[in-house]
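What follows is one structure encoded as structure tokens, with my remarks underneath.
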Number of protein chains: 2
Amino acid sequence: MDAQEFRTNGHALIELIADYIETIESRPVTSSVKPGDVRDQLPEHPPTEPESFDAVLADVQNIIVPGLTHWQHPNFFAYFPGNASYPSILAELLSAGLGVQGMSWVTSPACTEVETLMLDWMHELLDLPAKFRSTSDNGGGVIQGSASEATLSSILAARWRISGGNVNTTGDTTKLVAYCTSQSHSSIEKGLRIAGIGTDNIRVVPHDESFAMRADELERMIVADEKAGLTPFWVCSTHGTTSSGAVDPTPEIGEIVKRHCLWLHVDSAMHGIAALAPEHRWINDGLELADSYCTNPHKWMGVNFDCDLFWVADRNALLGALSILPEYLRSAAAQNGAAIDYRDWQIPLGRRFRALKLWFAIRTEGTAHFQSMIRRHVGLTQELAAWARADDRFEVVAPHPLNLVCLRLTGDSPEDGDVRTDALIEAANATGQALFTRTVLDGRSVLRFSIGGRTTERRHVEAAWGLLAERA
Amino acid sequence: MDAQEFRTNGHALIELIADYIETIESRPVTSSVKPGDVRDQLPEHPPTEPESFDAVLADVQNIIVPGLTHWQHPNFFAYFPGNASYPSILAELLSAGLGVQGMSWVTSPACTEVETLMLDWMHELLDLPAKFRSTSDNGGGVIQGSASEATLSSILAARWRISGGNVNTTGDTTKLVAYCTSQSHSSIEKGLRIAGIGTDNIRVVPHDESFAMRADELERMIVADEKAGLTPFWVCSTHGTTSSGAVDPTPEIGEIVKRHCLWLHVDSAMHGIAALAPEHRWINDGLELADSYCTNPHKWMGVNFDCDLFWVADRNALLGALSILPEYLRSAAAQNGAAIDYRDWQIPLGRRFRALKLWFAIRTEGTAHFQSMIRRHVGLTQELAAWARADDRFEVVAPHPLNLVCLRLTGDSPEDGDVRTDALIEAANATGQALFTRTVLDGRSVLRFSIGGRTTERRHVEAAWGLLAERA
């Protein structure tokens, strides 16, 4: 493909994408394919001769698109919103087109500098504590691919700090103990496991009836571990859990963590973005006590995946944990401290120019746009919860201050409620008219109704509720 | 930005990217910015009102592009080739436009199925051992973001296997010992460190005069560690080291590793792609003895970053190391084993539709295209080495069977040679006419001349050599 063909094909692809997004509502939310169906439609062996781009696009239309779950569909109420807004799609195209590597400042200065600026812009827009700003003494932020990677980076920084750096030589993690709740995201256990903290040393702190961590239980467990000669080192406090949107009490957790010298990570992957709207800034409560923090513009802000924002108050711990400097990566700019080398702030070496996505989105949409989207979703969520409360067959099983309602069907018994709830989720999803995720809260089946699509309006929520009410 | 604006802006951006790539040769390879220069040209605070897309594009032209290191420049001979071909740029656009999440099969079936097929296509094109194919008993492949992540995944799988899975509960890595050489990539030490294997337990196996691992020394060290009551568990054999392109003797290493029951990972991030051309398939020697293998289409194949291919012979070890299944991620398709959930094959949970990049590139370019590009680069490398050999001032300090020549200036003494070589690299790079990377081999300064640009022709290599000869 030469430059002229790229122009022609690129224009065709822009049109295809616009058409896809504009007509997405006419499709079922999920695909009806069975495992193997997509592959069966494609040649088992690579072509020896080049094919036309039109042939590829035809397969995209006829095989790929019908094999997708449509995350951009306004009736997608499953998992979390994975919005890809128009400006962020274009920014991803530009990132690919420029084809630069941002592993070090010197490997493409603009990639690093725009990223630092975007972290500071978001720091300001979310009204985060001063210590996280790149212009503070020791803090700063970086774009990670996902909250999973941010969590792991936080664990590694904490592991480095508690061991005075010794973990880099000894690799001994056997006495380290970490704390979370059963409601923490699966990436917490995964990150700890990767970092050499097995389940024997992960304490699942009990939660209260709102599914938030019990701070008193946390302190009790830390004290017990200290007495047992172990080394409590890391706590994850979640602001908006995946299953139910529960918010752990970081102001209290933070005081305990300070007293016992642990690292406090706050995971607000889904809900932290709510702080773009001033009335939702309670979601930041306690962040001034945190050592690290992450939230995902690729969830609720219309910046396409992957874009997780990760801030630390002490960049030295992060660099101590993740920096390695071979000869072929040395540069004057980094050695005199004038520049940031983001490769030392993350797990992999290579990195894309992801900051363009935030830059394009913020500049072309404006802050008010994101605020109004968040307000619309929160408003719809409250309406939905009221409809569910007014229907005797349903119960709302968790607080729903932002964009997630957890519902279940009552039944003759809790077990009967489980059966009915599971059947409802299956029946509703099978229609293809909407998509919901099932979860389990305190042992009981629950339907998560997550409202966060860029194009999701009142009529979509109303119709989805109608679907549930009809199939209940 | 609405759909109509997206169309208009998208077309403009396609033109901008085509113009950028077509005219890239008229720019210096590197930027002349100093740390802070790019940020200083941008507003310190986010805009409150939306700006026009044209204003953003103007800043791209006037601030971003002049602040880049141009990895797509035909005179870029630094680091590694980071080619972004036209079809792969378009595939990245499509991936962003479809906006799907590929963490599980059910979250977008086509994303998983095309990926598995692409790994099998590449398996066939590279002529890899049967045990890595997805249709084999237990093997299979996945796209990772980078070789760093592939390496870490390999270490975690090995750690799981050697401990019979116990590491997931105990987190005890204190007796595990890993083996590599001083020439192994920095991501090896980083991955080991993350997984709880500190430098105390990383053995740097001596290398021979070609910078390849000495297999006899490897076995000696393994035996010594076994005698000391430690547990040798993982060896990295590199097929094409970063500094000099050295190839470790995997056939011999593999036999040793088998005898002592370690996990053998082969890192061929840069050079494995050479196997697309049958005459270079020696780069695969010994792979039938490896437990895992990775190579990067985002280096030498014109597939834009990120696209690392990672294969394992035993997927159970990988799944044992990386799988965690919360309620909100359960699905029928995965539970009955009919589908692959790639989230369990990698560090993070979320994943983009990266397989499109390979699919677009292979289909629209055809295999012969990649073969001829590789052959052109290898041929130019041999010519360059001959020119350097014919010039008394230079010495070629390492074998150069593929696309990398390591040069240094001779001097009155080795130290004098170092000074001259460092000065040459600095002077040549300062012209902006080409870009080289410095490395150190056996304590001596070396200029790496890496030939792998998609648009790099004989005239570019000739001019770059002329530049070096003139400034020497």
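All values below were derived from every heavy atom in this structure, side-chain atoms included, with hydrogens, water molecules and symmetry-related copies excluded. Here the structure is a predicted model, which means the values were calculated and not measured. We name chains A, B, ... by the order of the sequence lines, and we start the count at 1 in each one.
- When heavy atoms are compared at a cutoff of 4.5 Å, B:Leu176 does not approach chain A at all.
- Only the side chain of A:Leu152 comes within contact range of chain B, judged by heavy atoms closer than 4.5 Å.
- Put simply, the side chain of B:Val33 reaches to within 4.5 Å of the side chain of A:Pro109, judged on heavy atoms.
- In this structure, the side chains of A:Pro47 and B:Trp121 come closer than 4.5 Å at one or more pairs of heavy atoms.
- Residue B:Phe6 touches chain A through both its backbone and its side chain, counting heavy-atom pairs closer than 4.5 Å.
- B:Asn166 does not touch chain A: none of its heavy atoms, backbone or side chain, sits under 4.5 Å away.
- The candidate from A:Gly191, A:Pro43, A:Ala361, A:Cys111 with the greatest count of non-hydrogen atom pairs under 4.5 Å with chain B is A:Pro43.
- Minimum interatomic distance between A:Arg7 and B:Ala18 (heavy atoms only, all atoms of both residues): CZ-CB, 3.4 Å.
- Of the listed residues (A:Gln101, A:Glu149, A:Gln72), the one with the most heavy-atom contacts under 4.5 Å to chain B is A:Gln101.
- The side-chain heavy atoms of B:Val38 and A:Leu117, taken from C-beta on, include no pair separated by under 4.5 Å.
- With respect to chain A, the highest number of heavy-atom pairs below 4.5 Å among B:Phe353, B:Phe53, B:Tyr20, B:Trp105 belongs to B:Trp105.
- Side chains of A:Ser187 and B:Leu349 form no contact here, defined as non-hydrogen atoms less than 4.5 Å apart.
- Of the listed residues B:Arg351, B:Met122, B:Glu5, the one with more heavy-atom pairs under 4.5 angstrom with chain A than any other is B:Arg351.
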**Message:** Quick one, A:Met1 with B:Leu90, criterion side-chain contact (heavy atoms from CB on, under 4.5 Å). Give me CA distance, side-chain angles, the key distance, then yes/no.
**Reply:** CA-CA 11 Å; A:Met1 192 182 294; B:Leu90 294 180; 3.8 Å; yes
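- With chain A as the partner, the residue from B:Thr112, B:Leu68, B:Thr174, B:Ile63 showing the most heavy-atom pairs under 4.5 Å is B:Leu68.
- Using a 4.5 Å cut-off between heavy atoms, A:Lys357 does not touch chain B at all.
- Considering only heavy-atom pairs separated by less than 4.5 Å from chain B, the leading option among A:His369, A:Gln144, A:Glu15 is A:Glu15.
- Salt-bridge check for A:Glu49 with B:Arg363: failed, with every basic side-chain N at 4.0 Å or more from each acidic carboxylate O.
- Heavy atoms of B:Thr107 lying under 4.5 Å from chain A belong to its backbone as well as its side chain.
- In terms of heavy-atom pairs under 4.5 Å with chain B, the best-connected choice from A:Ser323, A:Ala3, A:Ala368, A:Ser146 is A:Ala3.
- For the atom pair CG of A:Leu16 and CG of B:Leu94, the computed distance is 7.0 Å after rounding to the nearest 0.5 Å.
- In this structure, no portion of B:Ser88 lies under 4.5 Å from any heavy atom of chain A.
- Of the atoms belonging to B:Asn304, it is side-chain heavy atoms, and not backbone ones, that fall under 4.5 Å from chain A.
- Looking at B:Ile64 and A:Glu113, their side chains never come closer than 4.5 Å, going by heavy atoms from C-beta outward.
- Residue A:Leu156 touches chain B through its side chain alone, counting heavy-atom pairs closer than 4.5 Å.
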